[in-house]
> 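After the structure tokens below, expect a handful of questions from me.
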Amino acid sequence: MRTHYCNGINENLIGQTVRLCGWAQRRRDHGGVVFIDLRDREGLVQVVADPDQAEAFAAANECRSEFVLSVEGVLRARPAGTENLQMPSGKVELMATHIEILNRSEPVPFPLDEEDIAENLRLKYRYLDLRRPEMLGRLRLRHQVTSYVRRYLDSGGFMDVETPVLTRSTPEGARDYLVPSRTQPGHFFALPQSPQLFKQLLMVAGIDRYYQITKCFRDEDLRADRQPEFTQIDIEASFVDEEAVMGIAEPMIRGLFAEVLGIDLPNPFPRMTYADAMHRFGVDRPDLRNPLELTELSDLMRSVEFKVFREAAERPRGRVACLRVPAGAQLSRAQIDQYTQFAAIYGAKGLAWIKINALDQGAEGLQSPIVKFLAPEVLQEILQRSGAAVGDILFFGADSAKVVNEALGNLRNRVAADLNLLEGEWRPVWVTDFPMFDYDEKDNSWTSTHHPFTAPQSAHLESLAENPGAALARAYDLVLNGNEIGGGSIRIHQEKVQEKVFAALGIGAEEARDKFGFLLDALHYGAPPHGGLAFGLDRLVMLMSGADTIRDVIAFPKTQKAGCLLTEAPGVVADKQLQELGIRLRPGVGADVQNS
């Protein structure tokens, strides 16, 4: 029905007859001559309808926004001074000889050429939202990313293998989405949180190099970079160590940015241990564009009279640290109060601070409610360690290490954004040597930092039972601008090692057999050493496109309450369907539920 896309129209085709199809973005009547901006997936072309072409002119007069048109005509140069050099077709226009209205459109619920449109409206009419060039561009970028990844991995000998979507519920950290079985009443499938166990089984099967761009599902609280269903670039290989896996993934990301965005990332990517990241930045996904760092003060505070600092420093898992903000003394008390409220989101009970007005006047040169509680030599050591200068402000955290790290680590990013301190555009970093386990103080138990199939470093294998908190994992994350875009590990390939890890997690033999029996059985039959990693495709494309949320790089996303405004899913189902599944709802469950 057409000879070209709109972006394929340029001055080289002047004088030729072309036929285009698309939507009328806008119609303008200029003194008897009608202009239509015709839009398709690739761009815009200006169409001119003149009264001399009676049928085309009549159709143009009838046309309104978002009508679907077929336009045929002769391409000509735009009059001097009317060119639009921002468009590939901006030097030419199509003099219409024939216009056919292929379909009409009701007035659209929002203008497609505006930016500030309520998200709930965009999601309800997502098929209209996706017509906007900005959204089309993001989906095109997503396609370019997956296309490059497939080519890269195919050339590296990786096989694209699909794994099941209906599988068994296994404890992997988040809640499972459950699917009731009609043929086996009372039994449930689970949608996979990741293909973790199946890709390990593929290594046992001798596939050697596997990849998959696959859907994953997690029933968890949502935020800007989370969705209940998301897409992973999943990679696994046999007979590899950490260096080999990073050596596969790093060139892929570097090549991806070079080909798709024309950006040269560092070669090699810098590396940092988990312990170093937490010590310096408070988070395991540091944004290296941010020059601010934390200063450790725990050892200094164990002997001070100030009870808040001393007790935190004396706790087994406590920490006292400060964050120096250059030129931060200009912050008002209202701004400091806002930062205090922000730190409270992460569990901080308060946010102590010191403004540095002078360095040669001792405590007199410092402005803060806490200065009177700290000895002069302690104050001097704080200033020296932090590198404080006149005009700076120090923010303090004193609590469990977890609270201090989360509060100051996130405050560091908030302050840098507010004060425009970020340096550079793209800063990747590998974070390595993660702990095997995190301690859950509520349950008084250990949980896996990554997942229970991560191999411990050999030096810590024998001490797993006695000192699980000191064990380090053969795990690694790739962080970009403060966002974890990928992570993985070397997996456990020996049953005895897997049993030790399960024991450290409090998973007994019976539970392990019940949940992971098929994996444990596979380890009996010559499982090779293997490892891999997975990249979050949605998050990666979000960063590359500059979008604020992964919802803007997914064609049909869910809301923050895991609902679809377009299809009104999830929805109620007929009683007959529930009866077939052997399910009966409690009274009131599912009544008057609104997606939002």
Side-chain angles (χ1 to χ4, degrees), residues 170-173 196-197 200 203 238-246 271-280 282-285 296 298-299 302 313-319 400-406 430-477 487-517 519-520 522-524 527-533:
T170 56
E172 291 188 39
Q196 181 62 45
L197 299 182
Q200 290 191 241
M203 296 302 102
S238 296
F239 306 107
V240 292
D241 58 12
E242 296 90 327
E243 291 295 329
V245 175
M246 289 189 278
R271 298 187 185 184
M272 140 184 339
T273 66
Y274 170 89
D276 192 27
M278 300 303 290
H279 178 77
R280 295 169 59 191
V283 295
D284 59 5
R285 53 184 195 289
E296 183 62 53
S298 299
D299 61 314
R302 291 191 182 106
E314 289 176 344
R315 292 174 61 172
R317 296 186 180 88
R319 186 181 189 190
S400 68
K402 182 177 186 297
V403 169
V404 171
N405 289 338
E406 290 187 358
W430 285 107
V431 179
T432 64
D433 298 318
F434 280 82
M436 277 290 292
F437 309 108
D438 293 325
Y439 188 71
D440 187 330
E441 294 186 357
K442 290 183 180 179
D443 294 337
N444 194 30
S445 63
W446 295 99
T447 61
S448 296
T449 301
H450 281 79
H451 55 66
F453 318 108
T454 299
Q457 294 184 8
S458 57
H460 303 278
L461 181 58
E462 298 305 321
S463 60
L464 281 179
E466 297 79 17
N467 193 9
L472 297 182
R474 301 181 66 182
Y476 34 81
D477 283 356
S489 65
I490 301 302
R491 323 301 186 187
I492 297 170
H493 70 284
Q494 295 171 321
E495 185 184 16
K496 289 184 178 180
V497 177
Q498 187 66 74
E499 288 175 351
K500 288 185 178 182
V501 171
F502 282 160
L505 292 169
I507 300 175
E510 185 175 343
E511 182 182 358
R513 170 56 51 183
D514 178 56
K515 296 293 187 182
F516 311 109
L519 175 66
L520 298 176
L523 298 183
H524 291 157
H530 59 282
L533 82 170

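Values below: every heavy atom of this structure, side chains too, minus hydrogens, waters and symmetry copies. Throughout, numbering of the chain's residues begins at 1 and tracks the sequence.
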> Is it true that Glu406 and Lys402 have a side-chain N and a carboxylate O under 4.0 angstrom from each other?
yes
> Examine distances only and state if a side-chain atom of Arg319 and a backbone atom of Glu296 form a donor-acceptor pair shorter than 3.5 Å.
no
> Ring centroids only, cut at 6.0 angstrom: are Phe239 and His530 within range, meaning strictly under it?
no
> Are Arg474 and Glu242 close enough for a salt bridge, meaning some N to O gap below 4.0 Å?
yes
> Where do Val501 and Phe453 land on the side chain to side chain contact (heavy atoms under 4.5 Å, CB included) test, with the steps shown first?
CA-CA 8 Å; Val501 171; Phe453 318 108; over 6 Å; no
> Would Asp438 and Trp446 satisfy side chain to side chain contact (heavy atoms under 4.5 Å, CB included), going step by step from the backbone distance to the final call?
CA-CA 6 Å; Asp438 293 325; Trp446 295 99; 5.8 Å; no
> Is it true that atom CZ of Arg491 has more than 12 heavy atoms of other residues, nucleotides or ligands lying nearer than 6.0 Å?
yes
> Just how far is it from atom CD of Glu510 to atom CZ of Arg513, taken to the nearest 0.5 Å?
11.5 Å
> Indicate yes or no: at least one non-hydrogen side-chain atom of Val431 is less than 4.5 angstrom from one of Arg271.
no
> Between Gln200 and Gln196, do the side chains contain an N or O donor and an N or O acceptor separated by less than 3.5 Å?
yes
> Would you call Leu520 and Gln498 a side-chain contact if the rule is heavy atoms closer than 4.5 Å?
yes
> Give a yes or no on whether the backbone of Asp276 and the side-chain of Thr273 come within a donor-acceptor separation of less than 3.5 Å.
yes
> Does the side chain of Tyr476 reach to within under 4.5 Å of the side chain of Ile490, using non-hydrogen atoms?
yes
> Let me see the working for His493 and Met203 under side chain to side chain contact (heavy atoms under 4.5 Å, CB included), right down to the final yes or no.
CA-CA 10 Å; His493 70 284; Met203 296 302 102; over 6 Å; no
> Take the angle between the ring planes of Phe502 and Phe516 and call it parallel below 30°, perpendicular above 60°, tilted in between.
parallel
> Begin from the C-alpha positions of Ser400 and Arg315 and carry the test side chain to side chain contact (heavy atoms under 4.5 Å, CB included) through to its verdict.
CA-CA 7 Å; Ser400 68; Arg315 292 174 61 172; 3.6 Å; yes
